[in-house]
There are 2 protein chains.
Amino acid sequence: MSQKIIELGDELMIKFVDLYEKTLKENGYKLTNQRRVVLETLYNRVGEHLTAEEVHQLVKMVNPEIGLATVYRTLQLLSELGLIDKLNLDDGVVRYEIGEMETKHRHHHLICEECGTIMGVDDDMLDALEEAFSKKYGFKVTDHVVKFYGVCKSCLQKQGS
Amino acid sequence: MSQKIIELGDELMIKFVDLYEKTLKENGYKLTNQRRVVLETLYNRVGEHLTAEEVHQLVKMVNPEIGLATVYRTLQLLSELGLIDKLNLDDGVVRYEIGEMETKHRHHHLICEECGTIMGVDDDMLDALEEAFSKKYGFKVTDHVVKFYGVCKSCLQKQGS
DNA sequence: ATATCTGCAAATAGTTTGCATGGCC
DNA sequence: GGCCATGCAAACTATTTGCAGATAT
């Protein structure tokens, strides 16, 4: 069955799809169109933090047949495989975003309490901290989640004027 | 109407109840038995991270009439007032715990992926980092949430043997 | 060929809300 | 006395699951 593929025109995207195929195969999962479309959708929205519902809306533009349950299942799978990241802001919805392939550094989030903007930042400042914690508490850290809440640059400027 | 009060026998607890009364009054909320019982329950379980359902079970031992909805409303209120802390571990349930009155330092969580233990640690290592982030991204940080995932000391020892 | 995946609809789980009654200030 | 808070049940929302048919390998 033929399936319209999103026009990539981007070397990075090809690399990403390769990784997706490799990772799924290695773990014994099938390579389905639904899964690729979900991943491509996330890729096309780098920097955004989408809910399952939002991903479903976007995905339906490419293939209207894809159901919401599949989107949920796919997001969960891709997240487990480390192809995408899960993000929880305590607002009752789980969000997903493309993980950073290029760097090994986990990235963190600055959440503006004024305008709700979520800004992802890449930083290795936490690495030293992680090690310190390991030593201090005898706890072997494998991962960490850091969220900063506050007021973003542009909201600060608005407040100033 | 008379209401059985949990035996305190503890100066800290009295201080805590005082704070609870003061904070509620200052914000125009009524001082009800339900609210105090919820707070005392949390206090009696310092170090644990309870779900609304769990708090409800415990609270019913003191006063079986208290409804689940009230527990939800109360936990939300106490959390907004800063009397207790909210914690989300992405397992589909929101947890609450007594906030640290003594220190200004927010505390962080070490979550063991082996046994599920959640360990709260108090540490000011993040303060420097917060400031660095503020400078670097022009973002005024007011709060942060940090979670470390990994393997706890006792699980590491079990693995070793 | 066959085990996995999908779509749909129904089920679930956690949390919220409307409303009449009860209790604090 | 008035208004906020409570309890109950019903409503809601996000997410999960069962199942029959479709699809990738």
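Reminder, nothing fancy here: chain letters follow the sequence lines and each chain counts from 1. The structure presented is a predicted model; accordingly, all values stated were derived computationally and were not measured.
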Specify the separation, in whole Å, of atom [atom1] of [X] and atom [atom2] of [N].
X	N	atom1	atom2	value
K60(B)	dC8(D)	NZ	C1'	13 Å
N27(A)	dT25(D)	CG	C1'	16 Å
L75(A)	dT16(D)	CG	P	10 Å
R35(B)	dC24(C)	CZ	P	11 Å
L31(B)	dT6(D)	CG	P	11 Å
D90(B)	dG14(C)	CG	P	15 Å
I66(A)	dT23(D)	CD1	C1'	14 Å

Check every atom of [options] against the side chain of [X] and return the nucleotide holding the closest atom.
X	options	result
N33(A)	dA5(D), dG7(D), dA24(D)	dA24(D)
A52(A)	dC5(C), dT15(D), dT6(D)	dT15(D)
K30(B)	dT15(C), dC4(D), dT16(D)	dC4(D)
A69(A)	dC5(C), dT17(D), dT6(D)	dT17(D)

Exactly one of K147(B), E97(B), R95(B) clears side chain to side chain donor-acceptor pair (under 3.5 Å) with H109(B), and that residue is E97(B)

Residue-phosphate contact under 4.0 Å: [X] side-chain N/O, [N] OP1/OP2:
X	N	result
Q34(A)	dT23(D)	no
Q76(A)	dT16(D)	yes
Y72(B)	dT16(C)	no
T32(A)	dC5(C)	no

Charged N to carboxylate O below 4.0 Å: is that the case for E26(B) and K22(B)?
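Counted as a salt bridge, because a side-chain N and a carboxylate O are separated by less than 4.0 Å.
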
Under 4.0 Å, counting only non-hydrogen atoms across every strand here, what does R73(B) touch: a base, just sugar-phosphate, or nothing?
base

Would you mind classifying the nucleic acid contact of G28(B) as base, sugar-phosphate or nothing, using non-hydrogen atoms under 4.0 angstrom?
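Contact class for G28(B): none.
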
Got a sec: does the OH of Y29(A) have more than 12 other heavy atoms crowding it under 6.0 Å?
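Result for OH/Y29(A): open.
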
Closest-nucleotide ordering on DNA chain C, the 5'-leading residue of P64(A) and K25(B):
P64(A)

Backbone N/O of I66(B) and side chain of T70(B): donor-acceptor pair under 3.5 Å:
no

